[in-house]
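These figures come from a predicted structure and were not determined experimentally.
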Amino acid sequence: MNIAIISVGKLKEKYLKEGINEFLKRLSKYTKVEIIEVPDEKAPENLSQREEENIKDKEGQNILKHIKENMFVVALDIQGKHLSSEEFAQFLSQRAIEGKSSIAFIIGGSIGLSKSVLNRADFKLSFSKMTFPHQLMRLILLEQIYRAYRIISGEPYHK
């Protein structure tokens, strides 16, 4: 399976980069993972709803450029479905059984994802009702993908 993580914004924090690189290294045993960064638009405080939509639309256009027609698209969205780690492992396993060998996980910017990206998504996934920084979500997502592959392989993993 090929996994792409398409994320808005450039990762700057060294500690996040180190964690992400560690999980990319661990995952290389199971699957190919590519991280694609798309530019974030400047979003000053006190934006009008229209300005927010314009920013999300610009970021969304950049995201959609990287989504291939045959990709199964998972948008990380606070309104999405909650899965346990075991359910997430089963979710990934089921995509493989269905022949969906290319999955894209989408992480929006600080104000979320555009309607066009959400409409393109085949599945909307929520990690929590809480809001997390989008840079940190890359690390959380990679850890859960790694955990899922350990579960699928019947290998032990800390609970």
Side-chain angles (χ1 to χ4, degrees), residues 1-13 16 19-20 23 27 31 33-152 159:
M1 185 172 283
N2 293 309
I3 295 175
I5 297 173
I6 304 171
S7 184
V8 173
K10 191 152 183 66
L11 196 61
K12 298 173 186 86
E13 294 82 358
L16 289 175
I20 286 167
F23 281 106
L27 276 162
T31 188
V33 180
E34 175 186 19
I35 295 182
I36 300 165
E37 293 178 334
V38 299
D40 56 343
E41 297 292 320
K42 298 291 176 243
E45 297 292 322
N46 304 320
L47 290 172
S48 71
Q49 189 160 353
R50 169 171 250 166
E51 289 169 322
E52 275 191 17
E53 293 303 319
N54 286 339
I55 288 170
K56 288 194 284 189
D57 286 343
K58 286 179 187 173
E59 291 174 346
Q61 289 169 11
N62 286 328
I63 289 168
L64 291 170
K65 288 177 192 172
H66 295 281
I67 297 174
K68 296 174 182 72
E69 191 176 316
N70 66 333
M71 285 180 154
F72 186 91
V73 177
V74 179
L76 273 57
D77 179 31
I78 201 163
Q79 303 299 321
K81 185 167 175 54
H82 295 262
L83 299 175
S84 68
S85 294
E86 292 79 11
E87 289 169 332
F88 184 59
Q90 186 176 21
F91 173 84
L92 288 179
S93 184
Q94 187 61 38
R95 300 297 75 78
I97 290 167
E98 293 169 357
K100 309 237 186 303
S101 61
S102 187
I103 296 180
F105 289 92
I106 312 298
I107 302 172
S110 59
I111 56 176
L113 291 168
S114 68
K115 286 185 176 86
S116 60
V117 171
L118 291 171
N119 288 338
R120 172 57 182 90
D122 298 295
F123 188 81
K124 294 174 188 78
L125 176 65
S126 175
F127 277 78
S128 173
K129 290 183 181 183
M130 294 180 184
T131 302
F132 296 103
H134 56 284
Q135 297 92 342
L136 180 59
M137 274 313 302
R138 287 190 213 182
L139 180 59
I140 294 170
L141 174 60
L142 281 167
E143 189 281 334
Q144 284 298 304
I145 293 170
Y146 175 68
R147 184 181 297 261
Y149 274 97
R150 298 283 297 197
I151 292 168
I152 290 165
K159 293 184 181 193

What is the distance from atom [atom1] of [X] to atom [atom2] of [Y], rounded to the nearest 0.5 Å?
X: T31; Y: I103; atom1: OG1; atom2: CD1; value: 8.0 Å
X: E45; Y: L47; atom1: CD; atom2: CG; value: 8.0 Å
X: I145; Y: I140; atom1: CD1; atom2: CD1; value: 12.0 Å
X: L76; Y: I6; atom1: CG; atom2: CD1; value: 12.0 Å
X: K10; Y: Q135; atom1: NZ; atom2: CD; value: 12.0 Å
X: Q49; Y: I111; atom1: CD; atom2: CD1; value: 10.5 Å

Q.
With salt bridge (charged side-chain N to carboxylate O under 4.0 Å, His left out) as the rule and sequence neighbours excluded, what pairs involving residues 132-143 come up?
A. E37-R138, E143-R147

(Q) Can you tell me if Q94 has over 12 outside heavy atoms packed within less than 6.0 Å of its CD? (A) yes

Q.
Using the salt bridge (charged side-chain N to carboxylate O under 4.0 Å, His left out) criterion, which residues pair with D122? Sequence neighbours excluded.
A. R120

Q) Taking only residues two or more places apart in sequence or in another chain, which ones pass salt bridge (charged side-chain N to carboxylate O under 4.0 Å, His left out) with E53? A) K56, K115

Q. F123: what forms a ring pair (Phe, Tyr, Trp, His ring centres under 6.0 Å) with it, not counting sequence neighbours?
A. F91

Q | Counterpart residues, ring pair (Phe, Tyr, Trp, His ring centres under 6.0 Å), relative to Y146 (two or more places apart) | A | F23, Y157

So which atom in [X] and which in [Y] form the shortest heavy-atom distance, rounded to 0.1 Å?
X: P39; Y: V8; answer: O-CG1, 4.1 Å
X: M71; Y: A4; answer: CE-CB, 4.0 Å
X: S85; Y: Q144; answer: OG-OE1, 2.8 Å
X: D57; Y: S114; answer: OD1-CB, 3.8 Å
X: L92; Y: A148; answer: CD1-CB, 3.7 Å
X: L118; Y: A75; answer: CD2-CB, 4.0 Å

Q. Do V117 and V73 pass the side-chain contact (heavy atoms from CB on, under 4.5 Å) test, and can you show the C-alpha distance, the side-chain angles, and the key distance before you say yes or no?
A. CA-CA 9 Å; V117 171; V73 177; 5.7 Å; no

Q. Does F88 reach the side chain of I151, with side-chain heavy atoms less than 4.5 Å apart?
A. no

Q. Do I3 and L27 have side-chain heavy atoms sitting under 4.5 Å apart?
A. no

Q: Quick one: do H82 and E87 satisfy side-chain contact (heavy atoms from CB on, under 4.5 Å)? Show the steps, please.
A: CA-CA 9 Å; H82 295 262; E87 289 169 332; over 6 Å; no

Just list the side-chain donor-acceptor pairs under 3.5 Å for residues 58-68, sequence neighbours left out, or say none.
| from | atom 1 | to | atom 2 | distance (Å) |
| --- | --- | --- | --- | --- |
| E59 | OE2 | E41 | N | 3.0 |
| N62 | OD1 | K65 | NZ | 3.3 |

(Q) Applying side-chain contact (heavy atoms from CB on, under 4.5 Å) to I107 and F105, what does each step give before you reach the verdict? (A) CA-CA 7 Å; I107 302 172; F105 289 92; 5.7 Å; no

Q. Taking atom types as modelled, is there a side-chain donor on S126 or Q79 under 3.5 Å from an acceptor on the other?
A. no

